[in-house]
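Notes for the one structure printed next.
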Protein chains: 2
Amino acid sequence: MKTTASATKSEMMLESARGLFAEVGYEAASMDLVAKTAGVSKATLYAHFDSKENLFAEILEVENGRPEDGDWLPERFEGDVEGVLRRFARGMARFFVDGRGLAVYRLFVADLHRFPELVARFHAAGPMAMRSRVARLLAQMGERGALAIDDPETAADHLLSLVQGRLPFDRSIGLPPPSEEEIDRRVESALQFFLRGYAPRNSRGER
Amino acid sequence: MKTTASATKSEMMLESARGLFAEVGYEAASMDLVAKTAGVSKATLYAHFDSKENLFAEILEVENGRPEDGDWLPERFEGDVEGVLRRFARGMARFFVDGRGLAVYRLFVADLHRFPELVARFHAAGPMAMRSRVARLLAQMGERGALAIDDPETAADHLLSLVQGRLPFDRSIGLPPPSEEEIDRRVESALQFFLRGYAPRNSRGER
DNA sequence: GTCTATATGAGGATAGAC
DNA sequence: GTCTATCCTCATATAGAC
């Protein structure tokens, strides 16, 4: 079964490259190392991917565009606002402390500027797609009067900025991950602040 | 005047390295290029700085630790809260769109993890020092009853996260700078949101 | 498709003359 | 202190056999 064997090696190479790029960045992930980790020769690696840049682009596209498989970002709002937003905020905070969000964040900031032709596309497929989904959720909460949302996109920016905070930055520079309790503490204070700022207006039009 | 000539060459080298590191990052800023840009030979460069890592550390320490010379972050609070915070927010947004803040942000995220022994010190001297100054300012506003600040450090995190938002990230990956109007629009919405969330409580202890 | 072996070039660092 | 010329390592990429 040639195809199966081929597919397996292909997947090994992709998987190795994915892990190495995310772990050590573009420069430090040499093709030698990728090949060695995947258990193939460099020539084989180059037979599948024309160049290192090419390999990088393919990996990043998959990582970046893959919809978040966690169950913390629902497609539509049901239930109580605070519970839904807390679930989302906790999931996203962890996504940026140890998960794929952190890996993509580092690769974007450290290396994406070298591939100007990829910037717009990846930005739209990654960060902007996430913002759109959050904005849609907040808009639904606004429509039901559970929050006072004038501009969903801006509100989404505010929520995302607050929940991420310094987490991806601190992690990227090499600081150790905060404890679970510390993450939840930060998430909770950001969440309560967000809910205060976007609380529905009362009958006199005040907050 | 040997010393003057020496000092001049020294400064040329430092200035070139500073600009190149900030512009293209650690890897892409080769010692060949630094020397060429400074108008000296590589041997001269190495006579002044033992290694590239050494040069990087010296540059980053100066850039990072230099107190912000802009006049948008006052040492102590006087005047009206909204005006002071608006001035601060606008200054900081621009600092992270085109200024030294952006350069330091990129160097930190992209390259600092390679120098584990520098992380803690630079983090304390840079981002944490900024946070402390903002926290002090917010604490003073809280003491005068102009804002409801329970935890100044956390409030400072919230303000900094909101004002920076996606700006340094977007700029780092290679997106063009937003217009002046766009910056001010984002700053204003972040500011109004912050003021809502930290508005002083009324006589019944409500917001 | 996959391997071993190698071409080619870039970049960090140094030797030795002045 | 400063230069020119050079060493050496390592990384991308390829040639050629199987």
Side-chain angles (χ1 to χ4, degrees), chain A residues 1-60 107 110-118, chain B residues 1-60 107 110-118:
Chain A
M1 302 217 291
K2 276 190 305 188
T3 43
T4 302
S6 266
T8 301
K9 287 221 171 184
S10 249
E11 282 161 17
M12 289 282 295
M13 287 185 274
L14 275 170
E15 185 55 38
S16 299
R18 195 193 330 275
L20 284 171
F21 279 137
E23 214 174 311
V24 302
Y26 182 80
E27 290 282 351
S30 72
M31 293 296 261
D32 269 302
L33 191 55
V34 172
K36 193 174 173 184
T37 306
V40 301
S41 73
K42 264 198 300 186
T44 301
L45 186 56
Y46 274 97
H48 285 251
F49 307 95
D50 287 352
S51 68
K52 187 180 180 181
E53 296 201 356
N54 211 318
L55 175 58
F56 177 78
E58 282 201 34
I59 296 287
L60 198 50
L107 284 176
D111 298 310
L112 188 55
H113 65 100
R114 295 184 208 192
F115 309 94
E117 73 282 4
L118 301 180
Chain B
M1 300 219 291
K2 277 191 302 185
T3 45
T4 301
S6 265
T8 300
K9 289 222 171 184
S10 250
E11 283 161 15
M12 289 282 292
M13 286 186 275
L14 274 170
E15 186 55 38
S16 300
R18 194 192 333 274
L20 285 171
F21 279 136
E23 214 174 310
V24 300
Y26 181 80
E27 290 282 348
S30 72
M31 293 296 263
D32 270 301
L33 190 55
V34 172
K36 193 174 174 183
T37 306
V40 301
S41 73
K42 262 202 299 186
T44 301
L45 186 56
Y46 274 96
H48 286 251
F49 307 95
D50 287 352
S51 69
K52 189 180 179 182
E53 296 201 356
N54 212 318
L55 175 58
F56 177 78
E58 282 200 35
I59 297 286
L60 197 49
L107 286 176
D111 299 311
L112 188 54
H113 65 99
R114 293 181 208 200
F115 309 94
E117 72 282 4
L118 302 180

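All chains are named by letter (A, B, ...) in the order of the sequence lines, taking the proteins before the strands, and each is independently numbered beginning at 1. FYI, side chains are in, hydrogens and waters are out, and symmetry mates aren't considered; it's all heavy atoms of this structure.
Atom CZ in B:Phe49 sits roughly 12 Å away from atom P in D:dG1 (whole-Å rounding). Taking atom CZ of B:Arg114 as the reference point, atom P of C:dG12 lies 11 Å away to the nearest angstrom. Computed from coordinates, the B:His48 NE2 to C:dG12 C1' distance equals 18 Å when rounded to whole Å. Atom-to-atom, NZ of B:Lys36 to C1' of C:dG11 comes out at 14 Å; the value is rounded to the nearest Å. As a whole-Å value, the separation of B:Phe56 CZ from C:dG12 P is 13 Å. For the pair A:Leu55 CG and D:dT12 C1', the interatomic distance rounds to 13 Å; values are reported in whole Å.
Atom CG in A:Asn54 sits 13.0 Å away from atom NE2 in A:His48 (nearest 0.5 Å). In this structure, the separation between NZ on B:Lys42 and CG on B:Leu33 is 11.5 Å, given to the nearest 0.5 Å.
Residue B:Tyr46 places no side-chain N or O under 4.0 Å from the OP1 or OP2 atom of C:dT14. For the OP1/OP2 pair of C:dC3 and a distance below 4.0 Å, the side-chain nitrogens and oxygens of A:Thr44 include at least one atom meeting the criterion. B:Ser41 has a side-chain polar atom (N or O) that falls below the 4.0 Å cut-off from OP1 or OP2 of D:dC3.
Along DNA chain C, the nucleotide closest to A:Leu45 and the one closest to A:Lys42 are compared, and the more 5′ of them pairs with A:Leu45. With DNA chain D read from its 5' end, the first of the two nearest nucleotides for B:Val40 and A:Met31 is the one closest to B:Val40.
Put simply, the side chain of A:Leu107 does not reach to within 4.5 Å of the side chain of A:Leu112, judged on heavy atoms.
The side chain of B:Ala43 sits closest to C:dT14 out of C:dT14, D:dT12, C:dC3. In the set D:dC3, C:dT2, C:dG12, C:dG12 carries the atom at the smallest distance from any side-chain atom of B:Asp32. Here the side chain of A:Lys52 is nearest to one of D:dC3, D:dT12, C:dC3, namely D:dT12.
Among the heavy atoms of the strands lying under 4.0 Å from B:Ser30 are primed sugar atoms or P, OP1, OP2 only; no base atom is included.
Using a 4.0 Å cut-off between charged nitrogen and carboxylate oxygen, B:Arg114 and B:Glu27 count as a salt-bridge pair.
Note on ring orientation: taking the six-membered ring where Trp is involved, the planes of B:Phe56 and B:Tyr26 are perpendicular (angle over 60°, cut-offs 30° and 60°).
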